[in-house]
Amino acid sequence: MNHSQGKVSLPVIKRLPKYYRYISQMQKNGVVKVSSSELARMMGTTASQVRQDFNCFGGFGQQGIGYNVEVLLHEIGRLLFGEGEKLPTILIGAGRLGRAVSRFLTTDTNGYHLLAVFDVQQDLVGQDLDGIPIHHIDELESFCAAHNPQVAVLCLPREGAKEISGRLVELGIRGFWNFSHYDLSIPYPNVTVENAHLGDSLMSLGYRLRND
């Protein structure tokens with residue numbers, strides 16, 4: 001597929017996992033063909049939006065007779081997961097949130113390979129989270145030099161995140177999944193940040209319940 005990610009807008013990229021989820025379910029249910037209007041109904045959007053989204057990536061086949069579910073799943077899977085290579089990942093912060101996130105990362109097949117967990121608390125060092133060893137944060141440099149992780153998951157307080165993000169970029173981290181309350185907008189052109197704001201999500205829910 002000849003597309004450059006630069007041309008694909010972020011909202012389209014953010015819809016891909018939702019398409020993937022729905023289409024996976026269809027395949028499990030034995031559906032072979034799906035139309036853009038059926039997909040639009042599930043996605044809560046319009047058929048033309050679905051077609052526009054798919055056209056960003058070359059169209060995924062014939063629109064007139066509906067899309068082949070198998071082909072869609074394969075192509076969208078390739079966009080999200082590459083050729084199946086897993087991204088080497090480290091997690092910073094072994095507290096309660098870090099524990100929950102590490103469980104998700106190690107049990108969900110989502111294209112990441114969690115290599116190690118880091119924390120400042122000496123008493124956690126040597127333990128493990130879901131089979132992944134916990135290292136002291138001072139070992140970060142030597143670990144990154146040996147294992148070249150590309151992704152860092154931040155499950156630590158605001159100040160800690162602020163302090164460590166630049167250090168991680170220097171160590172070759174290219175992507176951040178950020179659960180800290182520090183708004184990570186790193187001034188480096190080659191770094192990608194996905195902020196996961198649990199609090200924002202909860203407040204949005206509250207707004208909708210009170211105002212809808």
Side-chain angles (χ1 to χ4, degrees), residues 5-6 10 13-18 20-21 77-205:
Q5 196 181 311
L10 199 54
I13 295 167
K14 294 223 180 228
R15 282 194 288 275
L16 283 177
K18 198 172 172 186
Y20 189 79
R21 246 194 355 260
R78 251 198 7 205
L79 292 170
L80 292 170
F81 309 116
E83 299 299 332
E85 71 287 358
K86 291 189 173 235
L87 294 163
T89 302
I90 55 175
L91 188 147
I92 316 289
R96 262 180 251 169
L97 179 59
R99 284 168 193 277
V101 172
S102 80
R103 187 155 305 127
F104 176 76
L105 277 170
T106 49
T107 55
D108 216 291
T109 52
N110 45 32
Y112 295 84
H113 176 211
L114 187 58
L115 304 173
V117 178
F118 292 85
D119 203 281
V120 289
Q121 292 193 60
Q122 198 61 56
D123 57 337
L124 292 174
V125 175
Q127 294 181 33
D128 68 88
L129 281 194
D130 303 295
I132 310 297
I134 301 175
H135 300 260
H136 194 274
I137 200 76
D138 291 347
E139 294 174 45
L140 198 56
E141 276 72 12
S142 58
F143 184 91
C144 290
H147 300 278
N148 299 316
Q150 291 178 34
V151 179
V153 182
L154 302 184
C155 295
L156 71 175
R158 193 172 190 284
E159 280 315 303
K162 195 173 174 181
E163 219 171 276
I164 205 163
S165 50
R167 187 173 157 196
L168 286 162
V169 174
E170 296 299 316
L171 292 170
I173 293 294
R174 292 172 44 227
F176 286 87
W177 195 21
N178 176 31
F179 285 88
S180 76
H181 286 292
Y182 174 58
D183 261 320
L184 214 64
S185 47
I186 300 186
Y188 301 94
N190 303 327
V191 174
T192 305
V193 178
E194 194 59 60
N195 289 307
H197 277 294
L198 301 180
D200 287 12
S201 180
L202 206 52
M203 283 187 267
S204 303
L205 173 66

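Fair warning: this is a prediction, and the values are worked out from it, not measured in the lab. In this chain, numbering begins with 1 at the start of the sequence shown.
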Over 60° means perpendicular and under 30° means parallel, so classify the ring planes of Phe143 and Phe118, tilted if in between. perpendicular
I want to check something: taking the side chain as every heavy atom from C-beta on, are Val101 and Trp177 in contact at a cut-off of under 4.5 Å? yes
Counting distance only, does the side-chain N/O of His136 pair as donor-acceptor with the main-chain N or O of Gln121 below 3.5 Å? no
With rounding to the nearest 0.5 angstrom, report the CG to CD1 distance, Leu156 to Ile137. 7.5 Å
On a heavy-atom basis, the closest approach of Glu83 and Glu85 is N-OE1, 2.7 Å
Taking only residues two or more places apart in sequence or in another chain, which ones pass ring pair (Phe, Tyr, Trp, His ring centres under 6.0 Å) with Phe176? none
By salt bridge (Lys or Arg N to Asp or Glu O under 4.0 Å) - contacts of Glu163 (at least two apart): none
Inter-residue atom distance Ile164.CD1 - Leu171.CG, 0.5 Å rounding: 8.5 Å
Quick check for you: to the nearest 0.5 Å, what is the distance between Leu168 atom CG and Arg174 atom CZ? 14.5 Å
Any chance you could measure Ser180, atom OG, to Glu159, atom CD, to the nearest 0.5 Å? 10.0 Å
Specify the closest pair of heavy atoms between Pro17 and Leu80, including all atoms of both residues, with the distance to one decimal. CA-CD1, 4.1 Å
Ignoring hydrogens and angles, write down the donor-acceptor pairs under 3.5 Å from the side chains of residues 192-202, residues two or more places apart or on other chains.
residue : atom : partner : partner atom : Å
Glu194  : OE2  : Lys14   : NZ           : 2.5
Asn195  : OD1  : Asn178  : ND2          : 2.7
His197  : NE2  : Asp183  : OD1          : 3.1

Between atom CG of Leu114 and atom CD1 of Ile132, what is the distance when rounded to the nearest 0.5 Å? 4.5 Å
To the nearest 0.5 Å, what is the distance between CD1 (Ile173) and CG (Asn148)? 9.5 Å
Tell me every residue that passes salt bridge (Lys or Arg N to Asp or Glu O under 4.0 Å) with Asp130, counting only those two or more places apart in sequence or in another chain. Arg103
Which label fits Tyr20 and Phe81: parallel for a plane angle under 30°, tilted from 30 to 60°, or perpendicular past 60°? perpendicular
So, using salt bridge (Lys or Arg N to Asp or Glu O under 4.0 Å) as the criterion, who are the partners of Arg99 when residues are at least two apart? none
Could you check if a side-chain atom of Gln150 sits within less than 4.5 angstrom of a side-chain atom of Pro88, using non-hydrogen atoms only? yes
Compare every heavy atom of Leu87 with every heavy atom of Val151, then report the nearest pair and how far apart it is. CG2-CB, 4.1 Å
For Gly95 versus Asp119, what's the shortest heavy-atom pair and its separation? N-OD2, 4.1 Å
Answer yes or no: are there more than 12 heavy-atom neighbours, outside Arg15 itself, under 6.0 Å from its atom CZ? yes
Full working for side chain to side chain contact (heavy atoms under 4.5 Å, CB included) between Leu154 and Tyr182: CA-CA 10 Å; Leu154 302 184; Tyr182 174 58; over 6 Å; no
Can you tell me which residue among Ile90, Ile92, Leu91 is in a side chain to side chain contact (heavy atoms under 4.5 Å, CB included) with Val117? Leu91
Salt bridge (Lys or Arg N to Asp or Glu O under 4.0 Å) partners of Arg167, counting only residues at least two apart: Glu141
